[in-house]
There are 2 protein chains.
Amino acid sequence: MNRASARRDTLTLEAIIEAAQRLIRRDGLASFSMRAVANELGVATMTTYTHVSSKDELIGLVQEAVSQEWAPIDLSDDGWEAGLRRFLLSQWETYQRYPGLAGWYMQQPEFGTKPESYSAWIAFFTKAGFNARDAELAWSVSQTYLMGRLAVDARLGRGRPTRSGPGLRAREYVERGVEVIITGIRETSAIATEGSPKGR
Amino acid sequence: MNRASARRDTLTLEAIIEAAQRLIRRDGLASFSMRAVANELGVATMTTYTHVSSKDELIGLVQEAVSQEWAPIDLSDDGWEAGLRRFLLSQWETYQRYPGLAGWYMQQPEFGTKPESYSAWIAFFTKAGFNARDAELAWSVSQTYLMGRLAVDARLGRGRPTRSGPGLRAREYVERGVEVIITGIRETSAIATEGSPKGR
DNA sequence: ACCTGAACACCGTTCAAGT
DNA sequence: ACCTGAACACCGTTCAAGT
């Protein structure tokens, strides 16, 4: 509530999340530990547990914070393909900076069930003329591919930065992969456009 | 070398791999430990290290053993789409039985670099009329999607068997997803068929 | 309510010692 | 060469105790 003070005095949940975020960005999720966060904050290990109930909960909070770094879903006048492409590449770029986070998140029970993002995606595709079934499939396939790609990308560059240009070749892979996904979605969905009722 | 005896007497690498395989199939990779393998074999924990140099190496050997459970790549006369579909679903079914294994493997440095499987896939797509660039992309995208899907599938049913029919809904997801991938590959690749030089 | 150190129940793996 | 128990360096987390 009060603006000033209470910064290096009292430990806050925000400070813990920020420290965790910084550590994952720097060293990757593989070497992330509760002891490391506490150490980063100059506090006893168990002190973090006053604000957070488990390691997984903390990583989940980091995931939520990170999820606000990428561009929001927007269906501009350049069509759903462009909007989806923009979103996926932005999401990829963000997760790239947190090695292992995407791989962790896709294995969590909450993955793909968060009502906010789920309904936002369904709305996005519905607005673009997809029916409910195709909208869900489009969302599922593109998210699964992207997170899978990120998990594969994280296999290199764990520990030290990637050699010879950070992820230039990786970026190419995603871009082409995303094109395959978008094309596949377009050609397998019945999209109600101003043109023909069925794609192709 | 000698046929009989040497079964419950001497510990063999094969027995260790089989025990590990059994444990991962039953409990998933998340709860898999070297102590659990040793316990399963009725042997001291460190005894396993006589035949294997690390936990990751052992999981890698399990992965190799498991990789021979699915149908081999075959380009029958029903086209690359049918061949790819058959292979991916067979691979999915196999990995489904080893929760967490696909998610682990896709994060390993070796993933996608094994010369045998890599060249077999390139040969598969080249034979179907793909150029080298499109062949590699097709292989990369389909493998990334499938492993990603398996990682997502593993998020439920960790610990105990899945409720209400094992993976019926999951199976639907992969089938539709694979269709999107195959269609995307077809429509973005320049395939030299007896018909037109460019797909669509 | 917030913070702490000691301790518990696990890990993978090293090491010195046995056969 | 094969097998072993003790020990080391880590984990996440519980607990009793402090403020």
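Naming convention: chains lettered A, B, ... in sequence-line order (proteins, then strands); numbering from 1 in each chain. Here the structure is a predicted model, which means the values were calculated and not measured.
- A salt bridge between A:Arg186 and B:Glu187 is absent, with no side-chain N of the basic residue lying under 4.0 Å from a carboxylate O of the acidic one.
- B:Arg171 places a side-chain heavy atom less than 4.5 Å from the side chain of B:Leu89.
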Q | Worked check of ring-ring contact (aromatic ring centres under 6.0 Å, His included) between A:Trp139 and A:Phe124 | A | CA-CA 10 Å; A:Trp139 165 75; A:Phe124 172 88; over 10 Å; no
So which protein nitrogen or oxygen atoms get under 3.5 Å of nucleotides 17-19 of chain C's nitrogens or oxygens?
none

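- Residues B:Leu11 and B:Thr50 fail the side-chain proximity criterion, which asks for heavy atoms closer than 4.5 Å.
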Q) In the 5'-to-3' direction, what one-character label does each nucleotide of nucleotides 4-13 of chain D receive under the scheme B = base within less than 4.0 Å of a protein heavy atom, S = sugar-phosphate only, - = no such atom? A) BBBB---BBB
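- Ring geometry, B:Tyr95 versus B:Trp70: the interplanar angle falls from 30° to 60°, so the pair is classed tilted.
- Aromatic ring centres of B:Phe32 and B:Trp104: separated by at least 6.0 Å.
- Between A:Arg176 and B:Val141 the shortest side-chain heavy-atom distance does not fall below 4.5 Å.
- Scanning DNA chain D for stems, defined as runs of 3 or more consecutive Watson-Crick or G-U wobble pairs whose donor-acceptor distances all fall under 3.5 Å, gives the following ranges: C:4-8 with D:12-16, C:12-16 with D:4-8.
- In this structure, A:His51 does not reach the C:dA1 phosphate: none of its side-chain N or O atoms is under 4.0 Å from OP1 or OP2.
- A salt bridge does not link B:Glu110 to A:Arg155: none of the charged nitrogens lies less than 4.0 Å from a carboxylate oxygen.
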Q) Could you go step by step and tell me if B:Leu101 and B:Ile59 meet the side-chain contact (heavy atoms from CB on, under 4.5 Å) rule? A) CA-CA 8 Å; B:Leu101 189 59; B:Ile59 303 175; 3.8 Å; yes
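- Inter-residue side-chain proximity for A:Glu136 and A:Phe130 is flagged as unmet; no heavy-atom pair is nearer than 4.5 Å.
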